[in-house]
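Throughout, protein chains are lettered first and strands after them, A, B, ... in sequence-line order, and every chain is numbered starting at 1. In this text, all values refer to a predicted model and were calculated from it rather than measured experimentally. Computed from heavy atoms alone, side chains included, the values below leave out hydrogens, waters and symmetry copies.
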Protein chains: 2
Amino acid sequence: MTERQTQHPQRGRAPTLIDVAKVAGVSPITVSRALNQPERVSEKARAKVTAAVEKTGYLPNMLAGSLATQSSRLVALIVPTIANPIFAETVRAITETLEQAGYQTLLGLSGYSEAQEQDLLEAILCRRPDGIILTGLNHTDISRTRLKAAAIPIVETWDLGDQPLDALVGFSHLDVGRSVGQYLLNQGHRRFAAISADDQRAEDRLAGFIQVLDEAGISPDAVERLETPARFSQGRQAFARLLEQEIRAEAVYCSSDTLAQGVLTEARARNIDIPGDMALIGFGDLDFAAHTLPSLTSVQINGAEIGYRAAQHLLSAMTGEHPPTEPVTIDVGFQIVKRDSA
Amino acid sequence: MTERQTQHPQRGRAPTLIDVAKVAGVSPITVSRALNQPERVSEKARAKVTAAVEKTGYLPNMLAGSLATQSSRLVALIVPTIANPIFAETVRAITETLEQAGYQTLLGLSGYSEAQEQDLLEAILCRRPDGIILTGLNHTDISRTRLKAAAIPIVETWDLGDQPLDALVGFSHLDVGRSVGQYLLNQGHRRFAAISADDQRAEDRLAGFIQVLDEAGISPDAVERLETPARFSQGRQAFARLLEQEIRAEAVYCSSDTLAQGVLTEARARNIDIPGDMALIGFGDLDFAAHTLPSLTSVQINGAEIGYRAAQHLLSAMTGEHPPTEPVTIDVGFQIVKRDSA
DNA sequence: TTGAAAGCGCTAACAG
DNA sequence: CTGTTAGCGCTTTCAA
């Protein structure tokens with residue numbers, strides 16, 4: 001009398017394709033086809049399946065599906081942080097674009113650390129993503145090896161360089177720094193101070209800035225370097241330190257809008273008018289900067305565009321529209337924008 | 001002469017457990033055990049397996065593993081947006097906590113829409129997450145049905161209420177509104193204006209605010225309602241509209257720091273001193289507000305704490321430390337903080 | 001401590 | 001248009 005009921009789906013077990021097939025009175029494969037390639041099934045069968053799915057509350061098990069198909073419809077995305085709105089925008093654009101194409105996004109936060117990125121990568125690659133989007137060009141050797149072994153489309157973002165793993169969507173940080181320097185020189189400034197975070201891309205921008213000053217025979221009066229991620233309050237403090245050292249620059253370069261905002265706040269507290277008494281330049285996302293830094297100049301990056309282009313490229317690579325491509329580089333550019341004073 | 005090579009892992013195919021087993025000279029199951037329960041395997045076998053893994057560059061296929069184990073080590077997380085730093089913090093805290101416990105996070109952005117949440121849910125539940133974290137208490141009926149059918153631990157966040165699906169980690173938005181009203185009344189203010197977004201939680205806060213004024217026999221001179229997500233510039237414009245209507249409140253209530261910041265900017269442009277001439281109160285994350293709104297009062301929420309507690313609860317539920325629990329409610333609270341002027 | 005057999009839920013390939 | 005068979009890569013019995 002201990003016979004188990006196998007007539008209808010058991011309590012506590014999610015209904016499977018087989019349960020649906022039984023209820024619909026067709027074979028499992030017909031259910032599978034009705035769900036995934038409806039055009040390859042008679043209208044009658046389709047109706048029976050639809051009803052059975054409804055009745056059982058069936059939800060496909062994608063773990064099984066992906067295993068059989070060898071395609072997970074999953075994309076891995078690794079960014080340093082989402083606390084910085086500039087990356088939040090990129091993440092949003094990517095998830096949105098991929099979602100529409102039927103892909104899900106597995107998010108990893110590396111905290112600007114290559115080691116952490118490597119750990120994330122190991123965990124994530126086990127899930128067999130169909131593609132992967134990374135931030136920057138710097139990865140550990142082990143990461144590079146694993147990525148190559150995974151043999152899936154890769155897009156690196158937020159930078160430009162010679163040796164991308166696969167596709168690359170970004171802009172040149174050295175050029176950003178150079179442009180900023182040139183811009184400030186053109187404004188007639190000759191005495192500079194710089195406040196910069198110490199991650200690779202911020203360093204690249206700073207290097208460009210210093211390079212262009214150097215070409216004009218100028219070197220900055222002071223360079224303050226802060227640990228990434230550099231916060232508002234650190235920017236404020238760094239500027240205060242400069243003032244205490246009697247450094248009176250005509251223009252202050254900041255590696256990010258966040259830092260520039262700190263400088264702005266400290267300047268206000270000391271009745272230094274920006275941009276009247278001193279030029280101040282930041283770097284960040286169009287939207288964010290417009291909202292929080294209405295009274296200064298900034299290098300504007302379109303985080304969303306980077307995301308869209310990266311996702312679109314990845315999609316076309318994953319759906320195999322082009323064969324194992326040559327590495328592609330997309331330069332999304334940047335611009336220096338002078339906003340009205342608040 | 002068209003015989004296929006099956007001797008060693010083929011090019012283009014990722015090595016499997018069986019490949020590793022062959023190289024190691026043991027059975028597949030021994031490899032599995034060496035990897036997942038090393039203590040149940042002889043030291044000798046373990047060494048052989050480790051070497052073979054190294055040599056083949058083997059990476060476990062979690063799709064297969066999860067299918068066999070019926071456990072994905074995946075957690076679904078749905079938030080309205082990550083553009084708002086308050087949610088970004090929660091997301092960070094959650095992914096970090098789960099990562100340490102060996103879980104990955106599948107992120108969905110609902111854009112404050114229940115319909116979109118439902119779509120995300122359908123896609124995500126197909127991947128058989130072991131647990132799920134949602135924002136707020138409002139879900140479509142279909143979402144509720146699916147969530148119950150999934151039979152996995154659920155944590156709802158950012159709100160408090162009577163009918164949680166399972167666990168609940170948040171605070172009372174009505175109480176926030178009431179506290180703000182009481183605070184401003186205690187300061188001696190009697191003429192108020194309110195600028196609020198129109199999502200459920202902002203509406204709840206506003207209702208609390210109006211309620212407490214009402215109890216004091218006061219009604220606000222004006223209430224501006226903005227569509228969620230409400231941006232900086234809209235807050236600024238809303239305040240400008242109030243001024244044009246000759247509404248001169250002693251205190252302005254804003255449903256978020258972002259809006260308050262817009263008001264602050266417009267006030268500065270018109271030489272209205274905050275908090276000297278007019279009180280202004282916002283709502284948001286401690287860190288964010290401290291960075292961007294140094295000169296006003298704000299209700300402070302700890303987004304990271306909500307994330308930590310939610311993730312911790314979910315972990316203990318998933319690892320089955322407690323049996324199918326009674327619904328748990330965790331009130332993380334909030335506080336009103338007056339900051340120094342910049 | 002190790003292995004053989006069976007199966008997780010689904011779909012590709014082939015037949016009918 | 002529909003069904004049968006076999007297998008995706010792993011782990012769970014159970015037995016040696």
(message) Distance check needed: D:dG3 C1' versus A:K48 NZ, whole Å only.
(response) 13 Å
(message) Is the shortest side-chain heavy-atom distance between A:L137 and A:L168 below 4.5 Å?
(response) yes
(request) Have a look at A:H139 and tell me which of A:E114, A:E117, A:R144 forms a side chain to side chain donor-acceptor pair (under 3.5 Å) with it. (result) A:E117
(request) Would you indicate, yes or no, if D:dT11 has its OP1 or OP2 atom less than 4.0 angstrom from a side-chain nitrogen or oxygen of B:N36? (result) yes
(request) Identify, between B:R128 and B:E39, the residue whose nearest nucleotide on DNA chain C lies closer to the 5' end. (result) B:E39
(message) Looking only at the side chains, is there a donor atom on one of B:R73 and B:Q104 sitting less than 3.5 Å from an acceptor on the other?
(response) no
(request) Return the value, rounded to whole Å, for the distance between atom CD of A:Q37 and atom C1' of D:dC1. (result) 13 Å
(request) Rounded off to whole Å, could you give me the CE-to-P distance for the B:M62 and D:dC10 pair? (result) 12 Å
(message) In whole Å, I'd like the distance from the CG atom of A:N61 to the P atom of D:dC8.
(response) 18 Å
(request) State, yes or no, whether a side-chain contact exists between A:D130 and A:L74 at a heavy-atom distance under 4.5 Å. (result) no
(request) Check whether any side-chain N or O of B:Q70 sits under 4.0 Å from OP1 or OP2 of D:dT12, and answer yes or no. (result) no
(message) Do B:S110 and B:Q116 pair up side chain to side chain, a donor and an acceptor below 3.5 Å, judged on atom types alone?
(response) no
(message) If I take atom CZ in residue A:R33 and atom P in nucleotide D:dG3, what distance separates them, rounded to the nearest angstrom?
(response) 9 Å
(message) Let me spell it out: for each of B:A45 and B:T69, pick the nucleotide of DNA chain C with the closest heavy atom. Which residue's pick is nearer the 5' end?
(response) B:A45
(request) With the side chain of A:I29 defined as its heavy atoms from C-beta on, choose the nearest nucleotide among D:dT2, D:dG3, D:dC10. (result) D:dG3
(message) Nearest to the side chain of A:A68, heavy atoms from C-beta on, is which of D:dG7, D:dT2, D:dG9?
(response) D:dG7
(request) On DNA chain C, reading 5' to 3', which nucleotide is the first and which the last to sit with an atom under 4.0 Å from a heavy atom of chain B, could you check? (result) C:dT1 to C:dG9
(message) Checking side-chain polar atoms at under 3.5 Å, does B:T69 have a donor or acceptor matched by the opposite partner on B:S66?
(response) no
(message) To the nearest 0.5 Å, what is the distance between CG on A:L120 and CG on A:L125?
(response) 10.5 Å
(message) On the nucleotide D:dG3, are OP1 or OP2 found under 4.0 Å from the side-chain N or O atoms that A:T30 carries?
(response) yes
(request) Figure out the CD1/P separation between B:I18 and D:dC10, and round it to whole Å. (result) 8 Å
